[in-house]
Colleague: 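Structure incoming, see below.
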Amino acid sequence: MPKRIAIVEDEAELASLIDYNLTRHGYQTQILRGDKGTLEELERAKPDLIVLDVMLPDVDGFQLCREIRQSQAMARTPVIFLTARGDEVDRVLGLEIGGDDYITKPFSPRELVARVKAHLRREQMDAEPAVTGIGPFRLDRTGRRVYVGERELTLTSTEFNLLEFFLSHPGRAYSRDQLLDAVWGQSHYVTPRTVDVHVRRLREQIEGQPESPRYLTTVRGFGYRFEDTD
Ligand code: CA
């Protein structure tokens, strides 16, 4: 099932550029002009993600986002704001509007597609079961705890997120860039080296012999893999 994305944007040219790029990446799209009935249209369409312009002719994008958050059907739907000026960013971040991300115009379609992908993936991970067990590992998402056998690990938030990602995708190799994208998302202050540092710390916690790991192994010239021990 293709993911459905609502594009709320009154500038026809920009709307069709976004539409073209999302469609090309396999998403099913719907363009809304952002006039008075937009909230009702969104409630009917129940999109998986909303790209929302701030400057709309009849409604304020921020106000619309607040209404989206109050709507039962869309309270958890990711919203990515399109803002025209940097100072609007302060409003997105400073007020509790409920947006999940923002992009400042002008932006590259590639950047938008990357953000859309990242948010939809996060949604999917949220929908995964509360407890995942692989080999001796048991991960409790709700309580954010991880056990190896009976022993509970003491992990930082990022280490937890990284281990959660590995445990959710056993047996698959990931490059450092893929891991950055999946675990760190839109943080700008990380480099591929960051992944190595966190992998090393994780190994110290989960491996009997961190220098010759059994679970979290290195894929030479590529990245890392969590061995499927089941
Ligand atoms: Ca506009």
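Order of appearance sets the numbers: ligands from 1, and atoms from 1 within every ligand. All residue numbers refer to positions in the sequence shown, counting from 1. As the structure is a prediction and not an experimental result, all values here were calculated from the model.
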Colleague: I'd like to check the salt bridge (charged side-chain N to carboxylate O under 4.0 Å, His left out) partners of Arg69; sequence neighbours left out, ordered by chain and number.
Modeller: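 Scan of Arg69 (salt bridge (charged side-chain N to carboxylate O under 4.0 Å, His left out), adjacent residues dropped) gives Asp100.
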Colleague: Do Phe165 and Tyr174 make the cut of ring centroids closer than 6.0 angstrom?
Modeller: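 Yes: the rings meet the under 6.0 Å criterion.
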Colleague: How far apart are the C-alpha atoms of Arg44 and Glu40, what are their side-chain angles, what is the distance that settles it, and do they pass the salt bridge (Lys or Arg N to Asp or Glu O under 4.0 Å) test?
Modeller: CA-CA 6 Å; Arg44 270 198 301 277; Glu40 289 72 25; over 6 Å; no
Colleague: Does a side-chain N-to-carboxylate-O contact under 4.0 Å join Lys117 and Asp181?
Modeller: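 No, no charged N to carboxylate O under 4.0 Å.
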Colleague: My understanding is that only residues two or more places apart in sequence, or in another chain, count here; which of them pass side-chain contact (heavy atoms from CB on, under 4.5 Å) with Thr142?
Modeller: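 Listed in chain order: Ala130, Asp140.
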Colleague: Count, excluding waters, the protein N, O or S atoms that are closer to the Ca ion (ligand 1) than 3.0 Å.
Modeller: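 Step by step: take the Ca ion (ligand 1), keep protein N, O, S below 3.0 Å, and you get 3.
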Colleague: Strictly by salt bridge (Lys or Arg N to Asp or Glu O under 4.0 Å), give each pair with a member in residues 196-210 just once, sequence neighbours left out.
Modeller: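 Residue pairs passing salt bridge (Lys or Arg N to Asp or Glu O under 4.0 Å), neighbours aside: Arg176-Asp196, Arg193-Asp196.
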